[in-house]
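The next block holds one structure in the form of structure tokens; read it before the comments.
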Amino acid sequence: MTQFNSRFLAFILSIILVSFLSIQSVHASEAGEFIDDAVITTKVKAEIFNDPSLKTFEISVETIKGVVHLSGSVSSQANIDRAVEIARSISGVTAVENTMTVK
């Protein structure tokens with residue numbers, strides 16, 4: 001009976017360990033996605049800042065799971081098109097959602 005108890009205990013501990021490791025890997029991947037999104041946002045903002053025709057403070061950039069969200073009011077449709085083009089050119093961007101408006 002003691003051999004059965006020790007095997008059962010080992011089995012239960014194995015299940016707990018596997019569950020714990022699975023949870024940790026999910027949190028690690030979410031952290032990785034958050035860091036990747038922050039890098040993408042920074043790259044998009046930098047490229048928009050470096051474009052002389054765009055005013056950085058008029059455009060808000062947010063990235064969630066590789067999808068860049070652009071919002072704000074700009075002076076022309078050409079500026080909207082340029083900001084979207086910049087966002088799409090950044091590595092890691094899977095899509096661009098644009099809610100910018102022309103003032």
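Tested against T63 for a side-chain hydrogen bond (donor to acceptor under 3.5 Å, both in side chains), the candidates D37, D36, T41 yield a single pass: T41. Checking V61, I90, T94 one by one against V68, the side-chain contact (heavy atoms from CB on, under 4.5 Å) holds for a single residue, V61.
The side chain to side chain donor-acceptor pair (under 3.5 Å) search around S75 returns N79, not counting sequence neighbours. By the side chain to side chain donor-acceptor pair (under 3.5 Å) test, R82 pairs with D51, E85, sequence neighbours left out. With sequence neighbours left out, S89 forms a side-chain contact (heavy atoms from CB on, under 4.5 Å) with no residue at all. Taking T101 as the reference, S73 meet the side chain to side chain donor-acceptor pair (under 3.5 Å) condition, with sequence neighbours excluded.
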Query - side chain to side chain contact (heavy atoms under 4.5 Å, CB included) evaluation trace for H69 with T99 - result: CA-CA 8 Å; H69 303 269; T99 59; over 6 Å; no
**Report entry** Criterion side chain to side chain contact (heavy atoms under 4.5 Å, CB included) on Q77 and I80, from CA distance to verdict
**Finding:** CA-CA 5 Å; Q77 182 63 44; I80 291 174; 3.8 Å; yes
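Within the structure, every pair that satisfies the salt bridge (Lys or Arg N to Asp or Glu O under 4.0 Å) test and touches residues 88-103, not counting sequence neighbours, is listed here: E58-K103. Residue pairs satisfying the salt bridge (Lys or Arg N to Asp or Glu O under 4.0 Å) criterion with at least one member in residues 68-80, sequence neighbours excluded, are absent.
Clustering ILVMFWY residues whenever any of their side-chain heavy atoms sit less than 4.5 angstrom apart, transitively, puts I86 in the very cluster that holds V84. Note on M100 and I64: separate hydrophobic clusters, where clusters join Ile, Leu, Val, Met, Phe, Trp and Tyr whose side-chain heavy atoms are under 4.5 Å apart, directly or indirectly. Cluster membership for I48 and V67, using ILVMFWY side-chain heavy atoms within less than 4.5 angstrom, is not shared.
The two residues A87 and L70 have their closest heavy-atom pair at CB-CD1, 4.2 Å.
Taken to the nearest 0.5 Å, the OG atom of S71 stands 9.5 Å off from the CD1 atom of I59.
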